[in-house]
Amino acid sequence: MKQLFLYIILVFSFITSYSQVSGQISGGAGAAFGLGGRNTTDAFLATHLANLRQNKNATGESEILGSPYLTEDFVKSKLFFGDEYIGEYYVRYNALNSEIEIKETQLPGEEAKRLLANEDLRVKYGQRELLFTTYINKKDETKNGYLSIISKGDEFTLYHRLAVKFSEGKAAANSMVMPIPSRYAHFVEYYYTKAGVDRIDQLTQKKGALLKILEKEMKDPVNNFIKENKIDLDNEEHLIKTFEFINSLNTPS
């Protein structure tokens, strides 16, 4: 089965410049987790990061802050292809490029490999499951990347996406000004699917925007639920509770 998996998914050597410049996140970033496209490596970005690494000493730029990874460690995870259980691998998720890196062992001499994205692929990583899929962001752009289902019901499915943005630093203009280091900033987005609609859209975490996507019969009960329970839609736990409530409502078909 492992040979079949490697043949279908195509695991190949992972050698890119940004892995050489990533920094360690203080305290780790594994509290929760999902950019990209099917050709997920941005050649321009990879080249740009390589140049930053090479020119760092010349510009006086400090070490890059943060990390493109959810966590720097490889986490023992279960891989599935469709309904087929493939096995356990050590996995690290690169949220900057929406790529999964894998190793068969924790041996320091083993080189990590990149897992070719596939919509039949599922990775049970930590407390969540990463799914490679197509989604539409707030700019109405169609993207491909990894999402995690955090709430699922008859009417709506709610997804979590971890993304990373790279911001280039600035050298000090003079001795009186501190340089601004380059950094990786982590942020979270949420997406949803609605029963009968074959697309995944980004959720705007405002009450008015949420009510707008609901059927007429749902609007008042959900509005009351948010008020009575003092729901903060920027809070993931509250967001999950809200979608669980929405999915509990019985509405005419």
Side-chain angles (χ1 to χ4, degrees), residues 25 28-38 40 66-71 93-100 117 119 121-167 184-215 218-219 221-249 251:
I25 297 176
F33 44 101
L35 222 106
R38 284 182 171 81
T40 52
S67 170
Y69 298 104
L70 176 63
T71 172
Y93 179 51
N94 183 322
L96 177 67
N97 279 15
S98 197
E99 292 175 339
I100 290 176
E119 291 187 352
L121 179 68
R122 295 183 292 121
V123 182
K124 289 196 173 180
Y125 179 65
Q127 298 299 313
R128 292 185 175 171
E129 183 174 275
L130 291 172
L131 310 167
F132 186 80
T133 189
T134 300
Y135 57 88
I136 300 172
N137 64 19
K138 289 180 180 179
K139 297 179 181 179
D140 205 30
E141 298 170 332
T142 299
K143 300 288 186 177
N144 297 288
Y146 288 96
L147 305 180
S148 300
I149 295 175
I150 56 175
S151 180
K152 186 176 179 65
D154 292 337
E155 291 295 324
F156 285 91
T157 299
L158 180 64
Y159 301 83
H160 170 282
R161 173 179 175 256
L162 174 69
V164 173
K165 179 181 178 181
F166 175 77
S167 298
Y184 296 101
H186 288 218
F187 60 96
V188 172
E189 296 174 344
Y190 295 95
Y191 291 79
Y192 70 93
T193 52
K194 187 175 181 179
V197 180
D198 188 22
R199 55 184 276 167
I200 300 175
D201 288 284
Q202 186 172 356
L203 178 70
T204 299
Q205 291 167 255
K206 302 293 183 183
K207 184 174 71 171
L210 175 61
L211 296 176
K212 190 175 180 179
I213 68 173
L214 302 178
E215 297 297 328
M218 291 182 169
K219 295 181 187 291
V222 172
N223 187 40
N224 292 335
F225 175 84
I226 291 173
K227 288 181 179 179
E228 292 171 4
N229 292 277
K230 298 181 180 178
I231 293 294
D232 177 5
L233 294 176
D234 289 325
N235 180 299
E236 183 172 295
E237 183 179 348
H238 288 198
L239 194 60
I240 291 172
K241 287 180 179 179
T242 301
F243 272 81
E244 288 175 345
F245 175 75
I246 292 170
N247 283 318
S248 74
L249 299 175
T251 59

ask   = With distance as the sole test, does H186 use its side chain to make a donor-acceptor pair with the main-chain N or O of S67 at under 3.5 Å?
value = yes

K206 atom NZ: more than 12 heavy-atom contacts under 6.0 Å = no

query = Are any of the side-chain nitrogens in K152 or E129 under 4.0 Å away from the carboxylate oxygens of its partner?
reply = no

request  = Would you mind reporting whether N229 and K241 have side-chain heavy atoms less than 4.5 Å apart?
outcome  = no

query = When you look at CD of E237, are more than 12 heavy atoms from neighbouring residues, nucleotides or ligands closer to it than 6.0 Å?
reply = no

Non-hydrogen side-chain atoms of Y125 and S148 separated by less than 4.5 Å = no

message = Would you compute the distance between atom CG of L131 and atom NZ of K124 and round it to the nearest 0.5 angstrom?
response = 10.5 Å

ask   = In terms of the angle between their ring planes, are Y93 and Y146 parallel, tilted or perpendicular, with boundaries placed at 30° and 60°?
value = perpendicular

query = Can you list the residues that meet the side chain to side chain donor-acceptor pair (under 3.5 Å) rule with D234, with sequence neighbours excluded?
reply = none

note = Looking only at heavy atoms, the pair that brings S151 and N247 closest together is OG-ND2, 4.5 Å

request  = Using side-chain contact (heavy atoms from CB on, under 4.5 Å) as the criterion, point out the one residue from I213, I200, I246 that pairs with Y192.
outcome  = I213

message = I need the single residue from N137, L158, I136 that forms a side-chain contact (heavy atoms from CB on, under 4.5 Å) with Y191. Which is it?
response = N137

inquiry  = Tell me if the CG atom of N235 is crowded by more than 12 foreign heavy atoms within 6.0 Å.
reply    = yes

ask   = Which class fits the ring pair F156 and F243: parallel under 30°, tilted 30 to 60°, perpendicular over 60°?
value = perpendicular

